[in-house]
Structures are given as structure tokens and as C-alpha cells.
Amino acid sequence: MYRTYDIREKILLGLFFIAVFINFLGPIVDPDFPFHIKTGEYIYQHKEIPEDDPFSFYGEGIVTDRERVLLSQYWIAQVLFYKIYSLTGPIGIILLRASVFFAIVFLLWFATRKRGFYSSLIIAVLATIIFQATKTDRPQIFSFIFALILVLLLEKFREQPQSAMPLYFVPPLVLLWANMHGGFVFGIAIIVIYAFTEVLKFLVNKPHIIGSPLEKRGALIFFVIALSAILFSYVNPVTNGQIIITWESHMDTGIKKLYAENREYMSPMEDMASFFSPRNSNISFWLLLGFINIVVFLNILRTKSIDITVLSLLLFSTVAALTAVRYIPFFVTMSVFLSRNYGFFRDNKILNGLRTSYIVFLLFLLFFLLLIGFGLKDPKNLLAFGRPTHYPEGTAQFLLRANIGGKIFNLNNKGSYLLWKLYPRYKVFNDTRFISLEAVRDTDAISYALENYGDPWDLSLGSALSALVPQEWGTIDISMEESVRSSRKSKHLWKNLLDRYEIDLIVHEATADFTKELYTLTLRLLKDDEWVLIYRDGIMQIFIRNNKKYSKIIERYKLPKDSIYDEIIFETVPFVSKKVPISKPYSSLAFALMMKGKDEDARKMIEAAIALDKNDFVAHFCNAYLLLKQKNVEKPL
């Protein structure tokens, strides 16, 4: 007959794993997913990996390792995504994602279960919360579970070196990994660390201090398999291209600058300071990091010995995680599994007594029920595609319905969705792959309406804002005003770029996705007769060249330019409603309200913006604009 606490533990485990699976469901919102599924479709239909980028007119003529990697590194995962989506729609992709993360959490719990019931459960809970920050539909999810499986296989062999069976799975695992995601580089590093530490153990030959080396037969088999796995990793369309990219992304290069503001490339400390940081995941990482370090340190003190292999791997994964957020999942999968035998608190009577406590049982029971409820809070979108705020469905449908033709200019963040929906009718200018660094540079130049390469963005913003002040009112003193005035004599860089690339359609947001900062391009187009507004939906807007070629389209769809202010309001109000602690949504909303004549509402937003950031440029411009308006238009009190 089962003991009472055995039944309670089974209840808690059942509820916990139900909560895990449910919380890894949810709508597809990742900005990269569309380009992965579209590339998978292309590979499947053409039976080849593209050599040139077929989806962007800027991506023709691939010449660098980085560009080849972005087109071909993920090909197996992309084909898998495409086939699942084509057969099941978003449900299949979401279930795949939930299954992968569920398997990771289950394996981590299973590996640590002997440490103690509640101890292993708490570790699994922390891992689950940490992984919520990476709950994406990208090939990287396979890297997380492959890293765990790799360590599991190598540790299984070290525990029972008389059987080489676990090692035989390593080369095919690495081969598959190298064709699904660039994270296989992390796997190669793991194998190298195992090999290096085994050599070190053999040379030092002090098993009571740094661990016992493998016997000669076991060591020979291990090194042959390790070398085979490394060679197998080169059997991919780009050979060592991903290794080069991984190196370049951490060096002081243009690529590093490209990802400087990308959360995945921030350190956990930088990420913690960001408003957009997933706080629960970040805090859980620091708790898990602290717990594992304490346990390992206390075990070393108690046993006066270390396993140099485990310690090296823990140190490697810790340093990687502290370097960039993108490596935290690897740290979790490795550190939890590798520290599973470090049970310093295992024999603690107080902790063991918690196992029979009804209070502890009830607390965990309530917690897991709340987790299940949290995961089910939006049941309609649990197995659905993302909302329009993530994917510009209306914009894509309009372009296809209107059948305009011509080349489009677009930003990267929603470019992948446009790529998926519009190809082959349209090719995009930029998307989240960042295929061309030149495209990234020119995208910024156009979006921020730069007058010359290298100009600061606030200069172009100041120039655009000053142009909106009625001439009869006078001027607002903006820094670098002389540069603003002189630049009006010649055609600006951003307009030259649009001409050079023969852009006929500008598909663009009025404000930046995350910060809701005003795009200078939007302000410039307000007063530019060369471009006509033909579409807006609160998410994106479309401008078309004002020429005879598109006269019928313009006649049918033309919208008043002043409605751009409504677009800004629609894009910023959701952020302001959430009372986000950043100033840009408030100042952008203040600008739109002010231009629509709602001065009192604008003043409230100005005050809110300056309270959050006393140097908010747009807020101060709005203040000056309102003062100038009062002086020139309103009667004195």
C-alpha cells in the first residue's frame, strides 16, 4: 500500500507536468517564424537549398559565410516546420514547441529526482520559468534539447565506460544538429571540454583530487567518437560558417553592433535593467545560478575533491550565460544535469521533514493550480497564430488584393511575415534575417530619413519636426539648426536611396515596435507630395509614389495625410494604457494629439513623458510647439 506522501507526490507531479505543457502552449508570435516556414517551403518544393536569397531583391549575390549560414543552416528544421504547418496549421507547430520544452523539463526533473522530491521539483519549476523567455518557434529549440541529450549520453558513458553504446549516438546527433541550428557549435565545445579534461586527468593522474580518468580502452573509444562527431558537424551546407559567425558576433565588428540592442545578445545584467526583460525568467536564472554554485562549492569543501570535467563544463556554461542571454537555456540544461549528484542538502533532516508536511503539499498544490490557470488565461489563442500586432495580416492582404506591383521598402521586424505572405508577388527590402548588412544600413537611413550616412538620428528627427512648424509662426530652436537649414537645399540621402532602389511602395510603421518612438520617415512623408498615403490599419501604413503609373490606385485608395496622426494614436495608446515606464509612447502620443488640436490631452502626455525622461526630445518639442501656437493663434487671456 502506498504511503500517504507517495500519493501526494504523484498528485503534485501530475499537476506540475500538466502546468508545464500548458504554459508552453500559446500563440505563434515569433518574428522569425514566417521566414523559417517560407524557406522550408522553398527547399521542399525546389528540392534544393537556395544559393541566393529568393525573397528579397536586396539579397541577390550571396558572398559571405554569414549570408550562406542564414539561408541554409536551419534547412532540416525549416522543412520540418513547413510540413507540420502545411498539414496541421499553427496547432502542430505549437504542440511541437510545447513537446520539446516539456521533454527538456521532464529530463531535468528525472535526472535530479534522487536529490529529494521538493528539491528536484523546485529546480524543475525554475527551469520552466527560465525557458518561458525562450518560448519561441525557431530552430533554436532543438539546440536546447540536443545539448541536454549530448551531455546525458556522455555522462552515461562516463558512469559505465565498459559500455560504449551511448557514444554511438553522438555522431548522428551532431550531424542532425549541425543541419538544424547553429547551436551545434555549443555541442562541439562540450565535446572538446570532455576530451581536454580527460587528457588532463590522465596527465595529472590524481583521481582523488580532479577525478578518475577513463581506462585506455574507454579513452580510445571516446576520442575516436569525439573526433567523428566533430567531423560530422562539418557535413552541412556551410561547413564551418556558423563557427565564424559565432566568433564574429562577440567581436568588435559590424555584426556585433547589429545585435547590440537585441535582447538575446545582452548579458543577464543588461537584460535585467531593460523594461522589456521577462522579470520572472531573469530572477529564476539568478536563483538557479546561485543555488548550483552554492551546492557545488559546498560539495567541494566537504569532499575536498572535484570532478574537473563537470567543473569545467559548469564553468563554461556559466560564463556563456553571463555573457549573453541566448546561452542561458544551455546553462540550464547542462548545469542542472551535471550537478544532479551534488546533494549537499540531501541528508538535511529539516528539509527531509518537509516531504511529509501537509502545509508544503498544499502550498505546492495551490501553486501548480495557479500555474495551470495562468496558462489557460487566453484559451482562444492557445493554439492560434499571433495577433495582428505581431503580424501585419491586413497589410499583406491589402497588397495582394490591390495587386499594385512595384518594389517595396519595409522594416525588418515585420518583414519576415511580409516575405511569407507576399512572395513571389513581392520581394521584401529587409527582414529579421538581416541577410545584407548593407540593407540594414540603408534601412536605417530611410526609416530615420537621414540626410547623410553617419548623421545622428536626433538630427534628422529635429529637422523633420521643425519642418512641421507653420512658417508664419516663426521657428523652434532645435540643436544643429544650421545643418537642418543647409540640408534643405539638396535631395536627402533617404530620398536618393528610395530612387536608387526604384522603391514604389513604402510599407512602414508610424512608430517603432517596442519603444513607440516616432519614425522620422513618417514625419517627412506628411509633407512630401511625391508620396501618397493609401492604407493604414493601426499597425502599419502604406505610401505609394505619386505618378501616372499608379493614378488609378491613388484615385481608389488615397487617404488624407492628416490621418497619419490617427495612426500614431492607434499605435501608441495600447502602450500608454499599460502605463509602460518609458517616455517614448507618451511623447509620440502627445505629438499626435497636439497636431490634431487636442492640446489639453497632449499636455498631459507631455508631462507624463518628461516625468519618465526629462530629456525626451519630442516632449520638449511639443511643449515649444504649444507655446508658439498659443503666442500666434490663441488670444491672450
Side-chain angles (χ1 to χ4, degrees), residues 395 398-399 402-411 426 429 442-452 455 457 459-476 478 481 483-511 518-537 540-571 588 591-592 594-597 618 621 625 629:
T395 303
F398 173 82
L399 287 169
N403 194 26
I404 300 171
K407 291 184 177 181
I408 67 173
F409 168 77
N410 65 281
L411 284 174
Y426 297 92
F429 189 88
D442 288 347
T443 298
D444 287 342
I446 296 173
S447 292
Y448 293 96
L450 298 185
E451 299 167 11
N452 300 285
D455 280 356
W457 293 352
L459 170 61
S460 62
L461 179 60
S463 174
L465 288 170
S466 68
L468 297 176
V469 179
Q471 291 185 359
E472 64 271 17
W473 288 9
T475 60
I476 294 176
I478 296 177
E481 183 73 23
S483 174
V484 172
R485 286 196 298 269
S486 63
S487 65
R488 291 172 181 165
K489 298 177 182 179
S490 60
K491 201 164 190 177
H492 298 170
L493 169 65
W494 65 276
K495 300 200 77 172
N496 284 328
L497 290 173
L498 290 172
D499 292 343
R500 183 196 308 171
Y501 295 118
E502 300 177 343
I503 300 295
D504 289 329
L505 291 165
I506 296 176
V507 183
H508 207 284
E509 299 89 332
T511 60
L518 287 173
Y519 274 119
T520 309
L521 178 62
T522 298
L523 305 181
R524 285 297 189 190
L525 294 177
L526 269 165
K527 299 295 183 181
D528 194 321
D529 293 334
E530 291 184 33
W531 295 91
V532 178
L533 179 68
I534 60 171
Y535 177 85
R536 67 170 188 83
D537 60 6
M540 298 193 79
Q541 51 194 357
I542 300 176
F543 295 86
I544 193 169
R545 276 196 187 271
N546 189 7
N547 58 33
K548 292 182 179 180
K549 179 181 178 181
Y550 299 113
S551 58
K552 292 184 178 180
I553 295 292
I554 293 172
E555 182 180 351
R556 182 176 181 183
Y557 295 110
K558 182 178 180 181
L559 297 173
K561 286 281 187 77
D562 286 352
S563 65
I564 290 175
Y565 301 130
D566 294 312
E567 178 70 21
I568 295 171
I569 291 172
F570 277 116
E571 291 186 21
S588 296
F591 169 79
M594 177 184 72
M595 300 306 287
K596 286 179 67 67
V618 174
F621 170 82
Y625 186 96
K629 178 181 179 181

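All values below were derived from every heavy atom in this structure, side-chain atoms included, with hydrogens, water molecules and symmetry-related copies excluded.
Atom CD of Glu472 sits in a crowded spot, with more than 12 heavy atoms from other residues, nucleotides or ligands closer than 6.0 Å. Dense packing is recorded around CG of Asn403, with more than 12 heavy atoms of other residues, nucleotides or ligands lying under 6.0 Å away.
Residues Leu559 and Ile534 fail the side-chain proximity criterion, which asks for heavy atoms closer than 4.5 Å. For the pair Leu461/Val618, a side-chain contact is recorded, criterion being any heavy-atom separation below 4.5 Å from C-beta on. In this structure, Thr511 and Phe570 have side chains that are not in contact, with every pair of non-hydrogen atoms separated by 4.5 Å or more. Proximity of Leu526 to Met595: side-chain heavy atoms (C-beta onward) are nowhere separated by under 4.5 Å. In this structure, Val507 and Phe409 have side chains that are not in contact, with every pair of non-hydrogen atoms separated by 4.5 Å or more. Counting heavy atoms from C-beta outward, Ile544 and Tyr535 have side chains that stay 4.5 Å or more apart. Looking at heavy atoms from C-beta onward, Ile404 lies in side-chain contact with Phe398 at the 4.5 angstrom threshold. You'll find the side chain of Thr443 reaches within 4.5 Å of the side chain of Leu411, heavy atoms only.
Ala402 and Ile553 make their closest contact through O-CD1, 4.0 Å (heavy atoms, listed as atom of the first residue, atom of the second, distance). The minimum heavy-atom distance between Leu450 and Asp455, with the atom names listed, is CD2-O, 3.8 Å. Nearest heavy-atom pair, Ser588 versus Ile568, reported as atom, atom and distance to 0.1 Å: O-CG2, 3.6 Å. When all heavy atoms are compared, the tightest approach of Phe621 to Ile476 is CE1-CD1, 3.5 Å.
One distance of note links OH of Tyr501 with CG of Leu498; it measures 10.0 Å at 0.5 Å rounding.
Using a 4.0 Å cut-off between charged nitrogen and carboxylate oxygen, Glu451 and Arg524 count as a salt-bridge pair. Salt-bridge formation is not detected for the pair Asp528/Lys561: no Lys NZ or Arg NE/NH1/NH2 atom is positioned less than 4.0 Å from an Asp or Glu carboxylate oxygen.
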ask   = Hey, mind stepping through Tyr550 and Val532 against side-chain contact (heavy atoms from CB on, under 4.5 Å) and telling me if it holds?
value = CA-CA 10 Å; Tyr550 299 113; Val532 178; over 6 Å; no

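Ring centroid separation for the pair Trp473 and Tyr625 comes in under the 6.0 Å cut-off.
Of the possible polar contacts, none joining the Asn546 side chain to the Trp531 backbone as a donor-acceptor pair under 3.5 Å is found. No side-chain donor-acceptor contact under 3.5 Å links Ser447 to the backbone of Asp444. Using a distance-only test at 3.5 Å, with no hydrogens or angles considered, a donor-acceptor pair links the side chain of Arg536 to the main chain of Ser563.
For Lys407, the side chain to side chain contact (heavy atoms under 4.5 Å, CB included) partners at least two apart in sequence or on another chain are Phe57, Glu502, Ile503. By the side chain to side chain contact (heavy atoms under 4.5 Å, CB included) test, Thr522 is found to be paired with Ala510, Tyr519, Gln541, Ile564, residues two or more places apart in sequence or in another chain being considered.
Taking the six-membered ring where tryptophan is involved, the planes of Phe591 and Tyr565 are perpendicular, since the angle between them exceeds 60° and thus also 30°.
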